[in-house]
Amino acid sequence: MDAPHLPEHSAEKRVRIVGSELVENYTVYIIEVNVGDHRWTVKHRYSDFHDLHEKLTVEKKIDKHLLPPKKIIGKNSKSLVEKRQKELEVYLQTLLSRFPASTPKVLSNFLLFHLYEINGIAAALAEELFHKGEQLLAAGEVFLLRPLQLYAVSQQLKLAKPTCTNGDARADLGHILDFTCRLKYLKIPGMKAMVGTSNIEEQSLPFDLSIFKSLLQIEISDCDVGQIKDLPSLKPTLATLSIHLSASSMKEILVPEASEFAQWEPEGVDTDCPVTAIIPTWKMLTTLDMSRNFIRCIDDSVKLIPAVEFLDLSYNELSLVENLQHLYNLVHLDLSFNKLTVLEGVHTKLGNIKTLNLSGNQLETLSGLSKHYSLVNLDLSSNRLTQLDEIKHIGTLPCLEKLSLADNPMCIIPDYRTKVLAQFCDRASEVCLDGTTTTEKELDTVEVLKAIQKAKEAKDRMANNEKKKDFISLSEITTCKEKAFITKEILTPVDSTRTQRCYDVYSSTCDVIPQVGCPCCCEEEWKPWTASLSNLFLPPSLLSYTTINQEFTNQLFAQISLSNKEESTPKPCKTPSLEGTDQGSPQSGDGYFEMTLDDTNEIMGCSSSSTIQEKVTDDVKKESTIVNVKLVVWSLCISVGEGLSQRPSCLVATDCSLVVFHTRSEEPVSNLEELTENLEIDLIVPYTNIETFQFDIPEVCVSLNVKSNSTRWFFFSDAQSLKEMHSCIVPYVDQANEQVLNSPNTQLFIRQFLNSWDFEESAGSVKGGYLIHFLNLDSSTSDKNVANNPQFPKNSVPSDVLSQISLFESDQDQTSNPMILFLTSRYLCILKVDFVALASRDPAEARRMQSCSKVTHIPLSFTLLDPKQCCSCRAVSNSRLFYDEHVIELMVGHECLTVVFALPQDKFMFLREFTQLRSSLREIKTIALQRTKKGHLKVHSCPMNKAFTGLERHHEVPRPHLTLSLLYPAKSLIQQLMEDNQCPSHLSLSSSLLLISSLKGDQLVHFFHNNVAEMENEELKYILWTSVLFYRSPDVETTACVLLSTKAIYFILDDTASSLTNQSNFLISFCFTLKLKDLQSINVGLFDQYFRVMGPSADHIISCLTRDSYSTHRFLQQLMMVLTLLEKVPSPEPSELDFYSQFGNKSTGKMVNYELVHSSKVKFIYPSEEEIGDLTFIVAERKTPQVPSHSFNILLYVLVFQVHIVPGQTAQNQTVLQPKTLILTSTDVFLLDEDHISYPLPEFAKEPPQRDKYRLTDAWRIRDLDRVLMGYQTYPQALTLVFDDVPGPDLLCHLTMDHFADGDGKGDRTQGFGGAEGEVQWCIFVPGADSRERLISLLARQWETLCSRELPVELTG
């Protein structure tokens, strides 16, 4: 709504009660308040009215009987509520008429005037600044003011009235003006919706900024430009200006006067042109952030900001870089996520900038950056760069240090990093590519590539010199022309020289690098799959032939023109089905045939030929000039006609028709000539004959339906290409036939297949949409080498989750039907689509996709990349490339799956998303450990010789980036880790943990980085073997190997049931990760016997029962050291301290009330006097009143195991260890059951635990101890305490009522092994050697004190 012209203080204030509602057992009245054009609602119950009335009676002396009286009986009856509603309305109206000029504060707050009415808003702001203004200014923090508050202040300043009208000095408007005159940092966040319960639109309220006299920084968001008044008044002081979601041009922000003056110039500029205004410049402005607006061009208003050094125009709609030559001081420029396509001559406009961000644009070439010699940081990620040759334009920049090319099509090229770095020649070591420093291996590879390039250049020079000496006859030129099969019309300027074309033809056949040595071991294993699956994936080599490749589009011109001449009707798709593909016959059009000059005419006469002869008719020439290729998209096509078939296809959009090509060759093409020879036209359909062209799966698949044709085509490609093709074709399709997609994005599409709780658990984020096939390595049609090779898993159908998918129709199928893979934050979703049924449905049917599809979601925590050792050979072959670029092997639980990605870039994107999502999971995840036939753990060895590093595969299982210091750790660290990797004998280990405990030396480090580590530059610091308890399952104590790294704490858990059979190469274990950034506190147990780590939720509370004070102390010491290292990062703000004071301070925290608050904000909470008091109370209440108080003192607290022997068995492995807590006092010894996980109560706990922290189970007096047995008879290193069962005070008298029973009340206490009659034996195992010695020493001392003789200690066998 428009802002009212009249000030609100003169507007009439009206109030009425429009209704009521019953809330629980009381009635709430709905009050509507009107002040001018502003309206809002307030809800109050009668008691609120009563409180208001009492305050007004005291403060303003109003009539006590003005408020309707209370009612006790029938207060919620309809008649009473209606009557009271009218009375309360009269009451409020009376109050407003009583105070027409200045509303009392208590009434203003009751009617929410401080939120919606300008006087109340200004008074509330003034009172806040009266109390906190000086502190806010001293702190120098950013102060937040909403547009409504600024509007209220602006309106108040226009009124001819005192600054304080209600008599309260704290609400004086002068406090606001004093504050705004001195404020330096301001933020004004607007909003699109109505304010609260009112009808006020903040975007329509103008506000004045002239009240700010000292502003250095201002940020405005979600405001309309028209409501910002007097922004130029900030020019004298403002240094940083940020405008978001508010402007459609730079001029309306920087030069608002331009709307009044047609001709203007900045001050200080000499001009001969007539001007109507001289505009002062923004002399102090050095940073301008206008990101996330709606700016379409960089206009000439930048003349007014000559001092700007940082300019951010990201997330706008810019298509050109212009007018920036006026910014002489510009250093950092951000143009990311705009619509830039070209950068020609941009160096003349940008000057000497150092940082340039061009990510998220549509750049296909870098030719405009070749002269930016001052560039230091360049971000080109998420563009359309496909050719590595584009890097040569920036390879000569002398100052470039950081370069980002991530998420470009060129990133899928094998050895992409080394090939990019090679373009920088001698500066390769100085360039940091994609955030990763260049390694020594990459530098060695770059040197090899440079040597090869120099050799090739020398060879080319020699060849050119020989050509100059030789005479090329006309017959040779003619022969060369016939071999090239190129018409005159499709020659580019480079191809116009016949000798150059001749040289290119012959050189392309000779540039073959011979393979030396044995062939790749995967060549024979994957060669049959490469041939049989050639129709199921799109080769990466085809992606370089796009619209920007002029020579390729010329070839398409000629083919389409020739086909239009021969056949004017749409050609039906004759793609053979997957089952019936003929792969060996030359007549099947597979491209495997030899062609001589004599065969030329015969090939030219074939209607489906992909080569174009020189003798094209004049009609075809005329028609080819009319055809214009607008867009080329490579995709994988699934066509459904008489059957289902799949093959790579090329979609070509021309001015008037859609053309579908396919390649006949099963081998990857190496050059344009070979591609041209193997291209065939499947379909040419005018746009008028297209019935539907729509997204069936958003951003993943578009379907094509042609009129009078029963075949349906489904095309899969990347999202950007499909959207461009869709937007290119849809405008030409009959609007009546165009279908509207129900789900506009992938998230809404996949949501219809999931339950509501599943979607909530996945946090609503959906990634991917990858077309895949599952390989059946057990199929009889596959190669025996593959099927029988133990390196490749057997894809037997799992019995649980995966059985729902029905991967293969029969056991003989080589591949599954096409499926689509999605990733959510917690699940791997597999969408199985019945394309045959989908093609038979009406495209206009709303739920046709849902009725023909099924989604199975698999938890990411149980899915991991197959960790088996990859092939180490370096041979390059088609089979090897197929595996590297399209195949991923996954482990889902205990099952192995081989997945083939149809599109080449999908595997890289899946690996990246999968790794990120899985590392961000906050739950228990599976890890796989590979073992050799001898049962040892198999880990990756050290890196290979540097001479071979450049030939490594590009698509390896993604691992965190490691520095050289992490790859080659210090010997002292390795030695320390080996000493720590000693598992206590009392812990039971599964097969996986047993293998980990056997690792030695470098194997420990490689195991950590290959199987466990999830973050970059993460170093293993400490290993702890212990028992753990989880807060969610407090009764289950399990063994764990705790790995402390510089980034996280990893708990590798014992799970015997998870181990596979002996025939498997892998052991499955479970790992829980607690990142150090999520760590909140550490609770240390009594006498350092255990500790509890606490994270952000109940799932992140774990107790580690070390039962050894030394192990606990070592772990906490290492943890504090790691946390301290994390904090040793230079502060971004200048520090008055010198280097040694800043980084040499040994203090890591301060102790407050038994809590050590670390500098990383992690709390180390130590036992308090209350915990000792609880134990003392338990001890004291078991004693008689005559016992002296000094006997309550606790001498020792230790966690032990009570050893029980299974009746009838005496072997060691038949003993049962029961966890206990042993407490030794001056006169007695106690055994307790203790809850180590639930106490102290977490902050989120809503009720106390079901069991107490301590439960006393047994107790004896020390004077009743007869002797101590030590040895290996019962359990190794266990202590047997033998007590005389003599009458005495029952220390458990308060524990149970069993002693009133008829039987022997002490039957449970006399359990032991071989004890004589009248004796009770405790068999206690103390894991810690120090604790064990201390227990014996204290027992002997107290026994000697009480009995006046030495304690008998006997050794057993």
Side-chain angles (χ1 to χ4, degrees), residues 535-538 542 556 560 563 567 569-578 580-581 608 631-654 656-664 679-719 721-730 732-734 737-739 741 769 771 773 817-820 831 833-845 848-849 852-853 902-903:
N535 285 338
L536 302 186
F537 64 93
L538 182 64
L542 299 179
L556 296 179
I560 297 172
S563 181
E567 188 175 357
T569 58
K571 300 172 65 175
C573 181
K574 298 180 181 180
T575 306
S577 63
L578 179 63
T581 303
S608 62
L631 186 62
V632 177
V633 173
W634 286 96
S635 65
L636 191 93
C637 174
I638 298 177
S639 58
V640 180
E642 298 178 356
L644 185 144
S645 60
Q646 309 171 60
R647 63 169 56 180
S649 297
C650 179
L651 278 172
V652 180
T654 67
C656 57
S657 61
L658 175 65
V659 187
V660 181
F661 290 86
H662 80 272
T663 59
R664 295 176 298 170
L679 273 182
E680 276 190 1
I681 295 179
D682 276 344
L683 176 70
I684 299 180
V685 53
Y687 293 138
T688 55
N689 288 348
I690 296 179
E691 183 175 352
T692 58
F693 190 80
Q694 64 181 17
F695 276 98
D696 280 345
I697 305 177
E699 303 177 359
V700 177
C701 171
V702 292
S703 63
L704 170 65
N705 189 20
V706 180
K707 297 177 181 178
S708 303
N709 196 326
S710 60
T711 303
R712 183 72 59 83
W713 291 267
F714 302 91
F715 300 100
F716 292 82
S717 186
D718 63 282
S721 299
L722 290 180
K723 289 178 180 178
E724 291 179 357
M725 181 61 70
H726 184 264
S727 60
C728 182
I729 294 178
V730 166
Y732 298 99
V733 179
D734 186 3
N737 295 327
E738 183 183 350
Q739 302 298 325
L741 187 65
L771 182 66
H773 298 80
N817 289 327
M819 301 182 188
I820 295 92
L831 175 66
V833 182
D834 188 349
F835 287 97
V836 177
L838 183 63
S840 62
R841 298 295 184 94
D842 184 4
E845 184 179 341
R848 66 188 187 98
M849 175 59 73
C852 300
S853 308
L903 303 179

Is there a donor-acceptor pair under 3.5 Å between the side chain of [X] and the backbone N or O of [Y]?
| X | Y | result |
| --- | --- | --- |
| Tyr687 | Thr654 | yes |
| Ser649 | His662 | no |
| Ser727 | Lys723 | yes |

Run through Leu651, Val632, Asp682, Ile684 and flag the one making a side chain to side chain contact (heavy atoms under 4.5 Å, CB included) with Val659.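 Going through Leu651, Val632, Asp682, Ile684 one by one, the side chain to side chain contact (heavy atoms under 4.5 Å, CB included) with Val659 is satisfied by Ile684 alone.
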Tell me which one of Ser703, Ser635, Ser639 satisfies side chain to side chain contact (heavy atoms under 4.5 Å, CB included) with Phe715.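 Testing each of Ser703, Ser635, Ser639 against Phe715, the sole residue satisfying side chain to side chain contact (heavy atoms under 4.5 Å, CB included) is Ser635.
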May I ask you to decide if the ring planes of Phe835 and Phe716 are parallel, tilted or perpendicular, using 30° and 60° as cut-offs?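 Rings of Phe835 and Phe716: perpendicular, over 60°.
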Do [X] and [Y] touch side chain to side chain, with heavy atoms closer than 4.5 Å?
| X | Y | answer |
| --- | --- | --- |
| Asn705 | Ile690 | no |
| Asp718 | Leu903 | no |
| Ile638 | Pro818 | yes |
| Leu631 | Glu724 | yes |
| Val640 | Trp713 | no |
| Thr711 | Leu683 | no |

Roughly how far, to the nearest 0.5 Å, is the [atom2] atom of [Y] from the [atom1] atom of [X]?
| X | Y | atom1 | atom2 | value |
| --- | --- | --- | --- | --- |
| Arg647 | Leu636 | CZ | CG | 10.5 Å |
| Ser563 | Glu680 | OG | CD | 11.0 Å |
| Ile729 | Phe693 | CD1 | CZ | 4.0 Å |
| Arg712 | Asp696 | CZ | CG | 7.5 Å |
| Met819 | Ser853 | CE | OG | 11.5 Å |
| Leu658 | Cys728 | CG | SG | 9.0 Å |

Which atom pair, heavy atoms only, marks the closest approach of Pro648 to Leu538?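 The pair with the smallest heavy-atom distance is CB-CD1, 3.7 Å.
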Could you go step by step and tell me if Thr663 and Leu679 meet the side-chain contact (heavy atoms from CB on, under 4.5 Å) rule? CA-CA 5 Å; Thr663 59; Leu679 273 182; 3.9 Å; yes
Just checking, is any N or O donor in the side chain of Gln694 or His726 under 3.5 Å from an acceptor N or O on the other one?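 Result is no, nothing qualifies.
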